[in-house]
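Report on the structure given below.
Side-chain atoms are counted along with the backbone in the values below, which use heavy atoms only and exclude waters and symmetry mates.
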Amino acid sequence: MGQIRTAIIEAMLAAIPVAIVYFAGWAYLTSYLGKFGIDATELDINFTTILVYGFIPLSTVPSVVSLVVLVILASALVRSLSGEVKVGWVGRILKWAELGILLLFLVAALFLIKGQAQVEAKRMASLVWEGQKSQTVPNLSISNNSEKLLKYFDRCRDGRRFRQVIGLPDRMIVICRSDLTPTQRGTIFVVDKGGVVFYTADKLRGDLT
């Protein structure tokens, strides 16, 4: 019975790293896209993409420190489960106490990582608004978009006012920054892989302050 419990706990510990990276990626993407009024839950973002974005908040100093502490606590728990500490009822209490401490710190670390994800998302959104992110112009379908929209796209392209918010396999989201107040106003465009604009929205930068 003890071996089964140990195996279950070790399996849980093995799954924690992937869960943390996924959590960090999802926290970052929801916060970043939210800066542009986009609901991340409405997008088809694959598992691998979320994991990749997870390393952005995890690479900050506070996140790294919290992860190091988590590894130390997890290692101590594994050693305890391996019988390297005193056995008996005292040993069992110590084992459960270590598990409780690990879980409490895990929850605290997740809150910290979420905070770092929000900070990094705000920084990246600021780069988009400030025009420091690379200009990206999607190829539009001439026959499936209105002439007015195509002319607007041409003006944005010629003025080098397009900036990519995010690119996904089935769509690209870009913002055309205003020619008068480029760091404060813009228009969001969602373009599918066929070059059709199926969503537009004017956006103010107020939520970055």
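For the atom pair CE (M172) and CG (N139), the distance works out to 8.5 Å, reported to the nearest 0.5 Å. Interatomic distance, OG1 of T200 versus CD1 of I175, reported as 12.0 Å (0.5 Å rounding). The distance from the CH2 atom of W129 to the NZ atom of K35 is 12.5 Å, given to the nearest 0.5 Å. Taken from CG in D170 to CG in D192, the straight-line distance is 8.5 Å, to the nearest 0.5 Å. With rounding to the nearest 0.5 Å, the separation of OG1 in T30 from CG in L33 is 8.0 Å.
G37 and K203 get closest at one heavy-atom pair: N-NZ, 3.7 Å. Closest approach of G194 to S141, counting heavy atoms only: O-CB, 3.6 Å. Shown here for T136 and F162, the closest heavy-atom pair between the two residues is O-CB, 3.4 Å. Nearest approach of A24 to I113, heavy atoms of both residues: CB-CG2, 3.6 Å. Y32 approaches K133 most closely through the heavy-atom pair OH-NZ, 3.3 Å. Nearest heavy atoms, F153 versus V191: CZ-CG2, 4.4 Å.
In this structure, V196 and N145 have side chains that are in contact, with non-hydrogen atoms separated by less than 4.5 Å. In this structure, the side chains of V65 and L112 stay at 4.5 Å or more apart for every pair of heavy atoms. Taking 4.5 Å as the limit, some side-chain heavy atom of K151 sits within range of a side-chain heavy atom of E147.
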What verdict does the side chain to side chain contact (heavy atoms under 4.5 Å, CB included) test give for I166 and L29, after you've listed the backbone C-alpha separation in whole Å, the side-chain angles of each residue and the deciding distance to 0.1 Å? CA-CA 10 Å; I166 191 171; L29 285 172; 3.9 Å; yes

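Using modelled atom types, one side-chain atom of R161 and one backbone atom of R177 make a donor-acceptor pair closer than 3.5 Å. Between the side chain of R205 and the backbone N or O of T183 there is at least one donor-acceptor pair closer than 3.5 Å. Within the 3.5 Å criterion, the main-chain N or O of G195 finds no donor-acceptor partner in the side chain of N144. Looking at R163, its side chain does come within 3.5 Å of a backbone N or O of G131 through a donor-acceptor pair.
With hydrophobic clusters built from ILVMFWY side chains whose heavy atoms lie under 4.5 angstrom apart, Y199 shares a cluster with I38. Under the 4.5 Å side-chain heavy-atom criterion for Ile, Leu, Val, Met, Phe, Trp and Tyr, F189 and L204 are members of distinct hydrophobic clusters. The cluster map of Ile, Leu, Val, Met, Phe, Trp and Tyr, joined by side-chain heavy atoms under 4.5 Å apart, puts M124 and L43 in the same cluster. Under a hydrophobic clustering in which Ile, Leu, Val, Met, Phe, Trp and Tyr are joined whenever their side-chain heavy atoms come within less than 4.5 Å, directly or via other members, Y28 and I173 fall into the same cluster. The cluster map of Ile, Leu, Val, Met, Phe, Trp and Tyr, joined by side-chain heavy atoms under 4.5 Å apart, puts V174 and I142 in the same cluster.
Within a 6.0 Å radius of CZ in R185, other residues, nucleotides and ligands contribute 12 heavy atoms or fewer.
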Would you tabulate the side-chain donor-acceptor contacts of residues 44-58 under 3.5 Å, counting partners in other chains and residues two or more places apart, or write 'none'?
residue, atom, partner, partner atom, Å
N46, OD1, T48, N, 3.3
N46, OD1, T49, N, 2.7
N46, OD1, T49, OG1, 2.6
N46, ND2, T49, OG1, 3.4

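Side chains of S63 and Q116: a donor-acceptor N/O pair is absent below 3.5 angstrom, by distance only.
In summary, D154 and R157 engage in a salt bridge, as defined by a charged side-chain N under 4.0 Å from a carboxylate O.
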